[in-house]
Asker: 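I'd like to ask some things about the structure below.
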Amino acid sequence: MQNNIFYLLPHSKLPLLISILGTEKFEIIGPQSIDGSIVYEKIENVDQLPWGILDYQWPGIYRLENTDINKAFIFTNGPQALKPYLFRAQELLFEVEKKENKNNKKKLNFIPAKEEAPKLAFIGARACDLAAMAIQDKIFLADTHLDIYYRSRRENLFIIAVNCIRSSANCFCASTGDGPKVTKLYDILMTEIEENFVVQVGTDNGKRIIDQLELSHALPEHIKEADEYVEQAGLQQTKKLPDTNLRNLLFSNLNHPRWNDVAKRCLSCTNCTQVCPTCFCHSSLEQAILDGTKSGHYRVWDSCFTCGHSYIHGRVIRDDTRKRYRQWLTHKLGSWYDQFGTSGCVGCGRCITWCPVGIDITEETYAIYDNQNNDKEIIKEIIK
Amino acid sequence: MENPYQIYEAKIIERIKESDDIFTIKILLTDPFVHHEYKFQPGQFNMLYLFGVGEIAISIVSDPKEEQYITHTIRVVGRVSRGFEKLKEGDRIGVRGPFGKGWPLKQAIGKDVLIISGGLGCAPVTSAINYIIERQNLYGPLKILQGIKRSSEFIYHERYDRWEAAANTEVIISVDETDVSWSKSIGLVTEHIKDLQLDVNKTIVMMCGPEIMMKIAADHCIKKNIEEKNIYLSMERNMHCGCGHCGHCQIGGVFVCKNGPVFSYPEIKELLGRPGF
C-alpha cells in the first residue's frame, strides 16, 4: 500500500516515534555524527540525531560542520547506510566441529548458521540507499539463488526513509534516476520542513506505527514546502553520467588510454567498493580455533581492487590497477545490466568522496564518452 | 529453495596419485540418505571443504550412474589444494553442490561429438565422455583430443586406453614438447583439429582447457564451418560461493558458477581470452 495521505509530524513528536518503535521491540538504527562523519548506529533518543550538522563533500573530501539549523536530516550521506545491516561485512555461514567417533575416526559435524535476524527499524534511508537495496535484493533474493541470511534480515527490516532536502557536490542520483525523491520500498517516508516532517506511509506496518502517533494531516503549504526542498536538492546536483548506453560505450573502449591515466592515480585501495551501496563481492574466510577442534566458515566483503579477487590457479587475472579499475567501472556501469537488468550505480557519490585521491566516476566515464576510440578489434587481443 | 551453504560430510574412500602434482579422490557422502539423494549433471562442480582451511570449486569427474562414489581430480596449486593433497583414505571433508550448468548432452543426442581438452581440462570432460560412451546408441562418432605440455603430465592412462578401444571413438593425445619416451601424437592439440574428418553440420564440440587454447580451438572449428552455437566451453574461475553472489567468477556479464561453467561460444566469445576479464 502506498497512499496519498500526508501527515504532519512535529519535531516535538519524534521522541514518541522512537518510543513506539521501542515498544514494538525494534532495535533502532539512525544517523549520528561520530568521529567526523555521519554513521548509522543504534540510537535510543532523538538527541543522538545529527541536529544541524551539514556535510561538505568533494572528490576525496568529507567535512562536517555544526550549525544552528534546526533540522536533523540536513546532511546528505555518510560512508555507509543500509548495506552493512543487510549484507554484513563479515558473516558466519557454517561452523564445523571435529570429533572422534568410537573407532577413533575424526568425524566432521557441520552446523549451519542460524537465519535469525533482529527486528530492525532503520531511520534515515535515502533514495540512493533504497535504490541500492533494490539492486542488492536482485542479487541475494533471486528465486534460483536465494541467500537465506540476507532474506531473513530483509524481512525483519522496517524502513523509515527520509527525502533529501540538500545534495552534496558529489551527489548525482538525479542523473541515474534514483533520487533525490524516495518513491518505493519504505514503510514510512519523511520530508523535513521547518519544525516538522511531512510524512507518508508505504505499508500497513508503517500505517500501524503512524496511527499510534495520532498526527494531523499536513496542510497543502506543508506539502508544497516539502516538495520544493526535494526539488531543490535535485537541482543542486552538478555531476551526472553521460546519457548514453554505458554498457556499449565502455565495452567498445576497453583499450581507451584513459584506463592507463586513471591507473596512475588509483591506489587500488578498495575504498570505493567498500562504501558503494551496491557492491556485493565477498570472499570466504576460514577461522579455526587454536585447539583444532572447531572452525568457522565466514564470508567477508571483498573488492575487485584486491590481488586475491581475480586469483585463479596460481595466477592473477587482473594483475595491475588498470585492469582492476576497468573491471570495476565496466561492471558497475556496464555488465551489471547483463547480470541484473539494471545499472550498478545509484548516484550516491560515495566512491568519489571516499576515494583518497578523489577519482570521480562521472569524470572518468565522461573522459571515455568525450573521446571514444571504439576499439572493435577487441577479440583479436589474446592472453600474452 | 535449499540453502546453497548447506554442506554435508563426505569420506574419502580412495585416493589415486595421477602425476607429481595431480591426484584423484573418490568420496562418499557419509549420510546414506544424502548420498542417495545427491544428483548431478556431467560438467557441474562441487565446492569441496577442508577442515580449518576452506573451500575450492572442483569439477565432478564421475558418471552420474556411478552411485557408489563421487570422483574429483585435483591439481596441487594453492593453499586449499595443498591441504587436500595430504588427505588419506578414511579422512573426512565437506561437500556443497552440485553447482552450475553442465555439458549439453541432451542437445548432443543424435550428433557427432568432438571433445577437445588441454592439461587438467581432461577432468571436466571425463564425465561427458563416459556419459556418451555408456550411451553410444544415442550419439554419433566420438572424437577425443587431449593436449598436454609434457608427457609426464599425461594422466588417466587407463581411461584413455579404454576410450580408444571403444567403438566409434577416436582418441588423439598430443604433447607440445617432444620426448623420447612418447609414442603418441606431437604438437599443439589445436593443430590436430584441421586434419579431423568431421561431419561439420552434425558435430557438437565440447572443450575445456586454458582459455587461449579454447580460443584457438574454437577458431579452428569455426574455420571448418562448425556453427558457433554448437561449440561449448567449460570455463574456470575461483568460485567462493557457487551461487552467483561472491562475484569472483564474473567474466563480463556472466557468472561462471551459475550461468556456466559450460557456455556456448556466443555467450562467452566477447571477452574470451581477453586480459583482465
Side-chain angles (χ1 to χ4, degrees), chain A residues 93-94 96 98 105-110 112-113 115 139-140 142-149 247 251 254 279-286 288 292 295 297 299 302 304 309-314 317-320 322-324 326-327 330-331 334-339 378-379 381-384, chain B residues 1-11 30 47 49-55 75 77-78 80-81 90-94 96 99 120 210-212 215-216 236-255 257-259 269-277:
Chain A
L93 297 170
F94 54 80
V96 195
K98 197 173 203 173
K105 284 287 180 196
K106 298 260 188 342
K107 288 270 302 165
L108 298 180
N109 185 25
F110 292 93
E115 47 186 301
I139 298 158
F140 293 113
D143 292 342
T144 48
H145 298 85
L146 179 73
D147 188 274
I148 60 169
Y149 304 108
R247 189 207 178 279
F251 278 97
L254 292 177
C279 271
F280 57 87
C281 280
H282 57 268
S283 55
S284 55
L285 171 76
E286 196 70 20
S295 189
H297 189 76
R299 65 177 167 206
D302 196 1
C304 53
H309 187 276
S310 66
Y311 169 87
I312 171 180
H313 234 107
I317 290 172
R318 288 180 279 280
D319 53 0
D320 59 36
R322 173 181 169 274
K323 296 193 189 87
R324 290 179 204 161
R326 191 181 64 177
Q327 166 65 27
T330 56
H331 181 219
S335 47
W336 211 292
Y337 283 98
D338 303 326
Q339 296 170 348
I378 62 164
I379 299 300
E381 192 185 318
I382 44 175
I383 292 173
K384 281 165 244 167
Chain B
M1 167 77 199
E2 205 191 343
N3 178 7
Y5 293 106
Q6 177 64 53
I7 181 163
Y8 296 105
E9 189 199 42
K11 182 166 126 178
T30 49
M47 296 299 298
Y49 169 85
L50 184 61
F51 179 78
V53 180
E55 289 185 313
R75 187 198 290 275
V77 181
V80 185
S81 55
D91 286 345
R92 309 298 169 109
I93 62 170
R96 288 196 293 132
F99 294 109
L120 198 53
E211 279 169 44
I212 178 67
K215 177 87 192 80
I216 295 168
E236 189 183 25
R237 284 293 181 273
N238 187 8
M239 286 77 119
H240 285 218
C241 71
C243 49
H245 294 165
C246 81
H248 285 89
C249 70
Q250 297 173 70
I251 304 175
V254 300
F255 293 96
C257 71
K258 70 170 185 184
N259 305 118
K269 70 173 180 182
E270 185 186 5
L271 295 172
L272 180 67
R274 176 104 198 169
F277 286 95

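Quick note: numbers below take in every heavy atom, side chains included, and nothing from hydrogens, waters or symmetry partners. By convention in this document, chain letters (A, B, ...) are assigned in the order of the sequence lines, proteins followed by strands, and residues within each chain are numbered from 1.
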Asker: A/Arg326 versus B/Phe277: any side-chain heavy-atom pair under 4.5 Å?
Answerer: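 Of all side-chain heavy-atom pairs linking B/Phe277 with A/Arg326, at least one is under 4.5 Å.
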
Asker: Side chains of B/Gln250 and A/Gln339: does their closest heavy-atom pair fall under 4.5 Å?
Answerer: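 Answer yes - side chains close enough.
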
Asker: Is there a side-chain contact between A/Leu254 and B/Leu271 in this structure, where contact means two heavy atoms from C-beta onward sitting under 4.5 Å apart?
Answerer: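 Yes, side chains in contact.
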
Asker: So, do A/Ser284 and B/Tyr49 sit near enough that their side-chain heavy atoms are less than 4.5 Å apart?
Answerer: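 SC-SC contact between A/Ser284 and B/Tyr49 ruled out.
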
Asker: If I take atom CG from residue B/Asn238 and atom CD1 from residue A/Ile312, how far apart are they, to the nearest 0.5 angstrom?
Answerer: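 Spacing of CG (B/Asn238) from CD1 (A/Ile312) equals 7.0 Å.
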
Asker: Among B/Glu9, B/Glu236, B/His240, single out the residue with the greatest number of heavy-atom pairs under 4.5 Å to chain A.
Answerer: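 Looking at each option in turn, the highest pair count goes to B/Glu9.
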
Asker: Heavy-atom distance under 4.5 Å to chain B: side chain of A/Tyr311, backbone, both or neither?
Answerer: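 It is both, since atoms from each part get that close.
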
Asker: Tell me, for B/Thr30 versus chain A, whether the close heavy atoms (under 4.5 Å) come from the side chain, the backbone, both or neither.
Answerer: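 Side chain of B/Thr30 only, per the 4.5 Å heavy-atom cut-off to chain A.
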
Asker: Among A/Gln327, A/Arg324, A/Arg318, A/Arg247, which has the most heavy-atom pairs under 4.5 Å with chain B?
Answerer: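 The answer is A/Arg318.
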
Asker: Need one label for A/Tyr149: side chain, backbone, both or neither, based on atoms under 4.5 Å from any heavy atom in chain B.
Answerer: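 Contact with chain B involves the side chain of A/Tyr149 alone.
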
Asker: Looking at chain A, which one of B/Ala10, B/Gly252, B/Gly78 has the largest number of heavy-atom pairs inside 4.5 Å, strictly under?
Answerer: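 Heavy-atom pair counts peak at B/Gly252.
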
Asker: Heavy atoms, side chains only, cut-off 4.5 Å: are A/His297 and B/Ile7 in contact?
Answerer: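 The answer is no, as the side chains (C-beta and beyond) never meet within the 4.5 Å cut-off.
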
Asker: Between A/His331 and chain B, with a heavy-atom cut-off of 4.5 Å, which part of the residue counts as in contact: side chain, backbone, both or neither?
Answerer: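 Side chain of A/His331 only, per the 4.5 Å heavy-atom cut-off to chain B.
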
Asker: A/Arg322: which residues meet the salt bridge (charged side-chain N to carboxylate O under 4.0 Å, His left out) condition with it, sequence neighbours left out?
Answerer: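 Applying salt bridge (charged side-chain N to carboxylate O under 4.0 Å, His left out) to A/Arg322 gives none.
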
Asker: Quick one: which of A/Leu285, A/Ile139, A/Asp319 has the most heavy-atom pairs under 4.5 Å with chain B, could you say?
Answerer: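 Most heavy-atom pairs within the cutoff with chain B belong to A/Ile139.
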
Asker: Has B/Lys11 got more than 12 heavy atoms of other residues, nucleotides or ligands less than 6.0 Å from its NZ?
Answerer: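 It does not: B/Lys11 NZ has 12 such atoms or fewer within range.
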
Asker: May I have the step-by-step check of side chain to side chain contact (heavy atoms under 4.5 Å, CB included) for B/Asn3 and A/Glu115, ending in yes or no?
Answerer: CA-CA 10 Å; B/Asn3 178 7; A/Glu115 47 186 301; over 6 Å; no

Asker: What about A/His309 and B/His248, are their ring centers closer than 6.0 Å?
Answerer: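 Centroid distance A/His309-B/His248: below 6.0 Å, so yes.
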
Asker: Working to the nearest 0.5 angstrom, can you tell me the gap between B/His245 NE2 and A/Phe280 CZ?
Answerer: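 B/His245 atom NE2 to A/Phe280 atom CZ measures 9.0 Å (nearest 0.5 Å).
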
Asker: Looking at every non-hydrogen atom in both residues, tell me the closest pair between A/Cys281 and B/Gly247 and how far apart they are.
Answerer: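 That closest heavy-atom pairing would be SG-CA, 3.6 Å.
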
Asker: Between A/Thr330 and chain B, with a heavy-atom cut-off of 4.5 Å, which part of the residue counts as in contact: side chain, backbone, both or neither?
Answerer: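 Only the side chain of A/Thr330 comes within 4.5 Å of chain B.
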
Asker: Between B/Glu2 and A/Leu146, is there a side-chain heavy-atom distance shorter than 4.5 Å?
Answerer: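 No. Closest side-chain heavy atoms not under 4.5 Å.
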
Asker: Please report the interatomic distance CD1(B/Ile251) to CD1(A/Ile317), rounded to the nearest 0.5 Å.
Answerer: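 So the gap between those two atoms works out to 7.0 Å.
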
Asker: Is it the backbone or the side chain of A/Asp302 that comes under 4.5 Å from a heavy atom of chain B, or both, or neither?
Answerer: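 Only the side chain of A/Asp302 comes within 4.5 Å of chain B.
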
Asker: Considering all heavy atoms of both residues, which atom of A/Glu286 and which atom of B/Gly52 are nearest to each other, and what is their separation?
Answerer: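 That closest heavy-atom pairing would be CG-C, 3.4 Å.
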
Asker: Could you tell me the separation between the NE2 atom of A/His145 and the CZ atom of B/Phe99, rounded to the nearest 0.5 Å?
Answerer: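 With rounding to 0.5 Å, NE2 (A/His145) is 8.5 Å from CZ (B/Phe99).
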
Asker: For A/Phe94, which atoms come within 4.5 Å of any heavy atom of chain B: side chain, backbone, both, or neither?
Answerer: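 Only the side chain of A/Phe94 comes within 4.5 Å of chain B.
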
Asker: Could you check if a side-chain atom of A/Arg299 sits within less than 4.5 angstrom of a side-chain atom of B/Tyr5, using non-hydrogen atoms only?
Answerer: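 Side-chain contact under 4.5 Å: yes.
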
